Number of protein chains: 4
Amino acid sequence: MSERSPQKQYRPRKAPSQARSEETVASIVEAAAQVLESEGFEGFNTNAVARRAGVSIGSLYQYFPGKDALTVALIRRETKRFHDDMAVALTLRSAKAALEYLIGAAVRQQLQRPVLAKLLDMEESRPGLAGEVGKLDLEALFATVVQRAIPKHTRPEVAAGDLFAITRGMVDAAGQRGETDLEDLERRLKAALFGYLSKAGAD
Amino acid sequence: MSERSPQKQYRPRKAPSQARSEETVASIVEAAAQVLESEGFEGFNTNAVARRAGVSIGSLYQYFPGKDALTVALIRRETKRFHDDMAVALTLRSAKAALEYLIGAAVRQQLQRPVLAKLLDMEESRPGLAGEVGKLDLEALFATVVQRAIPKHTRPEVAAGDLFAITRGMVDAAGQRGETDLEDLERRLKAALFGYLSKAGAD
Amino acid sequence: MSERSPQKQYRPRKAPSQARSEETVASIVEAAAQVLESEGFEGFNTNAVARRAGVSIGSLYQYFPGKDALTVALIRRETKRFHDDMAVALTLRSAKAALEYLIGAAVRQQLQRPVLAKLLDMEESRPGLAGEVGKLDLEALFATVVQRAIPKHTRPEVAAGDLFAITRGMVDAAGQRGETDLEDLERRLKAALFGYLSKAGAD
Amino acid sequence: MSERSPQKQYRPRKAPSQARSEETVASIVEAAAQVLESEGFEGFNTNAVARRAGVSIGSLYQYFPGKDALTVALIRRETKRFHDDMAVALTLRSAKAALEYLIGAAVRQQLQRPVLAKLLDMEESRPGLAGEVGKLDLEALFATVVQRAIPKHTRPEVAAGDLFAITRGMVDAAGQRGETDLEDLERRLKAALFGYLSKAGAD
DNA sequence: TATGAATGAGCCTTCATTCAT
DNA sequence: CATGAATGAAGGCTCATTCAT
């Protein structure tokens with residue numbers, strides 16, 4: 001059966017009610033991350049993931065209905081990591097500080113596991129997976145913070161989207177180049193974002 | 001020595017000397033573009049490309065020594081289209097006008113075949129293909145124009161790289177979202193790039 | 001390291017730990033023998049072998065990393081059969097009896113599955129497989145026995161090599177012609193080997 | 001059309017009546033020899049032969065109805081070379097001298113183009129080609145000479161066959177090992193053949 | 001007749017997925 | 001529930017052969 005059924009589930013097959021299951025699921029997802037990082041797309045296959053996770057391929061399919069579900073779970077995990085860090089920005093009083101925190105989060109996120117981040121960016125845009133993942137959540141959070149910083153901006157959602165795109169572009173490129181100087185990257189990123197706002201702020 | 005070198009060739013197998021051949025090669029590359037656009041990575045296989053091109057699989061392999069070579073050819077074709085447009089900027093007297101022309105070229109490029117552009121950006125960064133494509137040429141051209149515009153900038157290559165990354169990020173995102181308003185995108189992109197320069201210009 | 005080493009493995013992919021697996025492996029090797037015998041080189045392909053073995057092509061590749069590994073396994077099986085029989089010669093006290101036993105073993109070996117033996121002799125000399133198989137083991141065993149029989153011979157390794165070559169030549173030819181009279185062949189082979197020794201013995 | 005028709009012709013498509021054609025045919029056969037020697041079986045394909053011969057693949061098929069026909073032609077050429085050399089033995093008065101000449105011819109033949117000789121030995125025994133080639137001619141000539149040397153031998157054809165097999169076995173092995181000392185090989189070969197005759201001569 | 005572009009059957013191999021144990 | 005042997009669709013690629021020019 002190679003015809004991908006449109007009703008295919010991307011959610012884990014079972015809500016892992018027991019602690020044991022939860023552990024297994026987590027170990028599989030982490031194994032997926034590791035395989036993707038060390039072997040790239042070419043080597044990202046379910047058998048390799050199961051092997052690395054130390055479970056049987058049968059078990060993997062017990063928890064994930066298919067390869068895509070596993071990919072989605074991995075993307076969700078990474079997105080959540082990012083989202084949780086970004087959410088801290090919401091607790092900051094100063095809007096500018098919040099925006100700066102966001103920038104720092106983006107840089108941190110990317111430079112922690114750059115290869116993984118890049119690969120997931122790619123997977124994320126696969127038509128079959130589109131929308132299934134919580135990318136928009138990130139943009140929404142981003143937008144919330146941004147809009148607090150630029151209350152007088154016309155079209156704040158557009159601006160938020162652009163800032164997000166700029167961030168992603170610069171940060172991906174930095175990962176690609178193998179940059180490791182976080183502070184330098186952060187400084188340039190701030191220049192880009194605040195620069196954008198200063199020019200586009202009052203259309 | 002019959003051992004096939006592991007360093008696969010990415011160059012077309014034969015220079016299509018006859019008009020007939022040239023047509024065939026072009027039709028295969030265009031078919032590759034179409035398949036990639038309509039089927040995505042999953043459906044991008046040599047048999048599908050040959051079928052879409054209306055040639056046999058054997059013919060495809062007569063002109064391209066492998067799947068990667070075909071991908072590289074496609075990337076080169078798209079890159080060339082972009083490069084040729086960008087090169088016009090070099091003929092402009094005003095540095096600012098040149099930079100603005102560049103921005104327009106990037107926008108035009110991306111919005112013509114957005115899906116294709118995004119997919120190729122991805123393929124381009126595949127480890128196996130790295131360096132084989134003319135990506136650096138683009139960045140080099142970009143850098144040339146940028147450096148004329150910002151003679152007093154410290155680290156002009158870094159700035160050029162950042163501008164390139166910003167452009168790519170915004171323009172990819174726009175394509176992803178399905179934006180069609182070229183002028184609006186161009187305006188925002190200018191805001192981002194000139195904004196970046198105004199903030200990062202005098203470190 | 002995802003780059004697959006060009007030095008393909010010739011060893012079975014997994015040691016068949018379970019009885020079920022062992023059977024499968026054996027049936028695949030036997031199927032390979034049969035296909036080679038009945039279809040010759042032309043028809044010796046992995047799909048045919050899998051079909052004849054009554055397993056899926058996937059199973060074949062679960063146990064053998066490639067076609068060559070399967071060939072090597074077959075050669076090893078046949079070589080082992082021969083080797084084990086020849087090894088009996090080492091237990092004989094009389095050097096002459098040992099040599100005669102060897103001759104008998106060679107004749108037996110060849111006439112049991114003549115076509116297979118000939119085909120494997122050929123495959124064995126394929127550049128890619130050279131050294132991977134236990135051919136030298138056979139010659140070494142042969143040499144051991146021979147040297148016990150001809151202690152005063154100058155260049156005993158050369159003599160052993162020649163005797164091996166004579167044996168192989170005569171026995172292959174007999175198989176090719178479809179001879180079935182083992183005793184007659186054995187008599188002539190003895191004439192050849194002892195004749196060689198009587199003439200070349202005291203250079 | 002992959003089904004090999006049993007009526008397939010192995011003879012050149014046209015009797016090359018013109019000198020030009022004869023040259024072309026010869027150059028193709030020589031190219032076949034060279035490809036087989038330098039690339040082995042793996043690289044022995046019609047396109048490679050045509051390329052090496054400096055003719056188009058179409059021309060090759062003009063002169064040979066298929067790949068097998070080309071192989072047969074090559075085997076015939078090599079066989080003829082051998083046969084012509086061996087035939088000189090018939091002119092010698094002494095039977096022993098004739099036999100010795102034969103031995104020398106075999107050694108020369110093998111050591112001139114050892115790889116080619118081995119490869120052709122293999123091709124020769126392919127079921128599809130069996131009988132099409134003139135191997136038996138060689139054995140017949142061999143038998144004629146041998147029988148002159150051993151008039152009192154019982155079963156002279158058997159003896160001739162054995163001598164042929166011994167010769168082929170030793171000479172192939174020598175080629176395989178890369179031996180270059182013709183005289184040494186010849187001496188050992190004589191020991192083998194005359195040794196065989198001395199032992200098997202008077203059953 | 002020569003050419004070489006084109007053809008496509010068929011081979012090797014991978015990997016997502018299933019299911020008997 | 002876990003296991004991992006088994007499955008087979010599908011994809012990359014080669015090469016003998018044909019045929020329009």
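In what follows, every chain begins at residue 1, and chains take the letters A, B, ... in the order their sequences are listed. Remember, it's a predicted structure, so these values are computed and weren't measured experimentally.
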Treating Ser56(C) as the side-chain partner and Ser59(C) as the backbone partner, does any N or O pair qualify as donor plus acceptor under 3.5 Å?
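It does hold such a pair.
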Ignoring hydrogens and angles, tell me if any N or O in the side chain of Thr79(A) forms a donor-acceptor pair with the backbone of Ile75(A) under 3.5 Å.
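Here the side-chain-to-backbone pair exists.
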Let me know the distance between [atom1] of [X] and [atom2] of [N], rounded to the nearest Å.
{"X": "Leu70(D)", "N": "dC15(F)", "atom1": "CG", "atom2": "P", "value": "15 Å"}
{"X": "Tyr63(A)", "N": "dT3(F)", "atom1": "OH", "atom2": "C1'", "value": "13 Å"}
{"X": "Glu42(C)", "N": "dG10(E)", "atom1": "CD", "atom2": "P", "value": "13 Å"}
{"X": "Glu23(A)", "N": "dA2(F)", "atom1": "CD", "atom2": "P", "value": "13 Å"}
{"X": "Lys67(A)", "N": "dC15(E)", "atom1": "NZ", "atom2": "C1'", "value": "8 Å"}
{"X": "Phe64(C)", "N": "dT14(E)", "atom1": "CZ", "atom2": "P", "value": "15 Å"}
{"X": "Leu60(B)", "N": "dC15(F)", "atom1": "CG", "atom2": "C1'", "value": "16 Å"}

In Å and rounded to the nearest 0.5 Å, what is the OH to CD1 distance from Tyr61(C) to Ile28(C)?
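It comes to 11.0 Å.
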Could you tell me the separation between the CG atom of Leu74(D) and the CZ atom of Arg76(D), rounded to the nearest 0.5 Å?
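So the gap between those two atoms works out to 11.5 Å.
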Are [X] and [N] close enough that a side-chain N or O sits under 4.0 Å from OP1 or OP2?
{"X": "Gln62(A)", "N": "dA2(F)", "result": "yes"}
{"X": "Ser59(B)", "N": "dA5(E)", "result": "no"}
{"X": "Tyr61(C)", "N": "dA6(F)", "result": "no"}

Non-neighbouring partners of Glu30(D) that pass side-chain contact (heavy atoms from CB on, under 4.5 Å), sequence neighbours left out:
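Here the qualifying residues are Ala33(D), Gln34(D), Arg77(D), Arg113(D).
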Gly43(B) vs Gly58(D), nearer the 5' end of DNA chain F by closest nucleotide
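Whichever sits nearer the 5' end wins; that is Gly43(B).
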Could you pull out all donor-acceptor pairs under 3.5 Å where a side-chain atom in residues 44-53 of chain C meets a protein atom, sequence neighbours excluded?
residue: Asn45(C); atom: OD1; partner: Asn47(C); partner atom: N; Å: 3.1
residue: Asn45(C); atom: OD1; partner: Ala48(C); partner atom: N; Å: 2.7
residue: Arg52(C); atom: NH2; partner: Ser38(C); partner atom: OG; Å: 2.8

Student check: side-chain heavy atoms of Thr71(C) and Phe64(C) closer than 4.5 Å
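No - every pair of side-chain heavy atoms lies 4.5 Å or more apart.
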Side chain to side chain, Tyr63(B) and Leu70(B), heavy atoms closer than 4.5 Å
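A side-chain contact is absent here, since even the closest heavy-atom pair is not under 4.5 Å.
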How would you list, by chain and number, every residue that makes a side-chain hydrogen bond (donor to acceptor under 3.5 Å, both in side chains) with Ser27(C), sequence neighbours excluded?
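Ser27(C) satisfies side-chain hydrogen bond (donor to acceptor under 3.5 Å, both in side chains) with no other residue.
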What parts of residues 44-57 of chain C reach DNA chain F, counting only heavy atoms under 4.0 Å away?
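Those residues whose heavy atoms fall under 4.0 Å from DNA chain F, taken from residues 44-57 of chain C in numerical order, are Val55(C), Ser56(C), Ile57(C).
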At how many degrees, to 10°, do the end axes of the helix from dA2(E)-dT21(F) to dT21(E)-dA2(F) meet when each uses five pairs?
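Rounded value for the end-axis angle: 10°.
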